[in-house]
> 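Let me give you the structure first, and then I'll get to my questions.
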Amino acid sequence: MPELPEVEVVRAGLAPAVTGATVLGVTVFDERALTRHPGSALDFEAALTGRRIRASVRRGKFLWLPLEPEDPADPAEHAVVGHLGMSGQLLLRTPGAAPERHERVRLDLAHPVHGEVAVVFADQRTFGSLAIDELVPTPDAAPGGCGGEEASIPRQVAHIARDPLDPAFSDARFRTALVRKDSAIKRVLLDQTVISGVGNIYADESLWAARIHPETPARALSTRAVNRLLGEVRHVLDKALAEGGTSFDAQYVNVNGQAGYFAHSLNAYGRTGEPCPRCGRPIVRVPFTNRSSHFCAHCQRRRSLG
DNA sequence: AAATGACCCTGGCCGC
DNA sequence: TGCGGCCAGGGTCATT
């Protein structure tokens, strides 16, 4: 569910509450939320309790909270890594607040200025997860993601490409990668090792805006078309972020439980049978990798190689 | 070696 | 009202 704009709303919402805060206690209600954590739930609780959080950082759809070193002599640094999967939420609640529906993990924090707060990880479908992972240097020495200055990234996120809103994202490298891909452009947009942060909603929206058929072979796109697509990807992500993200139901909400408004601005995604805002012909829905693509078959002409 | 598909899980909605 | 089938914002892993 949550794609870059939704995760960024959550990251930015967490930042003032968790930066500089100390973990007073950790409660794991469901170990399935820790599938990406290398140790046990007990280990997770023990490793986190008493630690101080330095920041709230995001790359693509992953976010992490770097921790102050426990032992200044130990060079290894760690972070709490979070991924919301399809239905994960990170909520800020008052201490002792009643359990949320589908609450999986709770962190009780003490902030030097704002006092105590509970960070609740709730997740209906349990595809999301929290973990403690080691931070490793970024190969390009640029900051690991949005919200942090450090040139480091959790080991389990290192294979994720930079996202298109990251100043260190390379348009040229993206174009080079496309030429070498023997896949449809939509598949490549969803490949987080090529470009991160784009999911099914914003892939469909970007392709609609750029008038590109989702099944166009990636290497059939001209440099000009790729540039146009990247521009539309950035535009739709920026616009969605400004509107607080896309909420279809109660699943995606910000840290205060509020929905975003971008669902009203969708042109293609989820609008099967409704008129294309550009030409009036119906938006079609086509099965795609256990999901769906939504597009205008008139505005987004299928092209082939050559 | 890269590119697909199955799978993890819960719940809402639709048609019968 | 009940129940089966289908669908949903994602990532990983096995298989070709």
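Numbered from 1 within each chain, the chains take letters A, B, ... in sequence-line order.
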> Closer than 4.0 Å, any side-chain N/O of A:Arg36 to the OP1 or OP2 of C:dG11?
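For A:Arg36, the contact criterion (side-chain N or O under 4.0 Å from OP1 or OP2 of C:dG11) is not met.
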> Rounding to an integer number of Å, can you tell me how far A:Leu190 CG sits from C:dT12 C1'?
15 Å
> Hey, does the side chain of A:His159 come within less than 4.0 Å of C:dT12's phosphate (OP1/OP2), counting only N and O?
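It does, given that an N or O in the side chain of A:His159 lies less than 4.0 Å from OP1 or OP2 of C:dT12.
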> Pick base, sugar-phosphate or nothing for A:Tyr269, based on heavy-atom distances below 4.0 Å to the nucleic acid.
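Sugar-phosphate, backbone atoms only, no base.
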> Identify the 5'-most and 3'-most nucleotides of DNA chain B with at least one atom closer than 4.0 Å to a non-hydrogen atom of chain A.
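Using the under 4.0 Å cut-off, the span is B:dA3 to B:dG11.
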> May I ask you to say what A:Thr35 touches in the nucleic acid, namely base, sugar-phosphate or nothing, with a heavy-atom cut-off under 4.0 Å?
nothing
> Should the pair A:His83 and A:Phe62 be assigned to parallel (<30°), tilted (30 to 60°) or perpendicular (>60°) ring geometry?
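The arrangement is perpendicular - the two ring planes meet at more than 60°.
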> Where does DNA chain B form stems of at least three consecutive Watson-Crick or G-U wobble pairs, each pair having both distances below 3.5 Å?
B:2-8 with C:10-16, B:10-16 with C:2-8
> Starting from P on C:dA8, measure out to CG on A:Leu266 and report it in whole angstrom.
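A:Leu266 atom CG is separated from C:dA8 atom P by 14 Å.
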> Using atom P of each nucleotide, how far apart are C:dG11 and B:dA1 to the nearest Å?
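These two P atoms come out 25 Å apart once rounded.
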> How far does the P atom of B:dC9 sit from the matching atom of C:dC3, given to the nearest Å?
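Taking atom P in both B:dC9 and C:dC3, they lie 23 Å apart.
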> A cation-pi test, strictly: NZ or CZ of A:Arg11 under 6.0 Å from the centre of the six-membered ring of A:Trp64 and no more than 45 degrees from its axis. Yes or no?
no
> With a non-hydrogen cut-off below 4.0 angstrom, is A:Asn290 in contact with a base, only sugar-phosphate, or nothing?
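It contacts base atoms.
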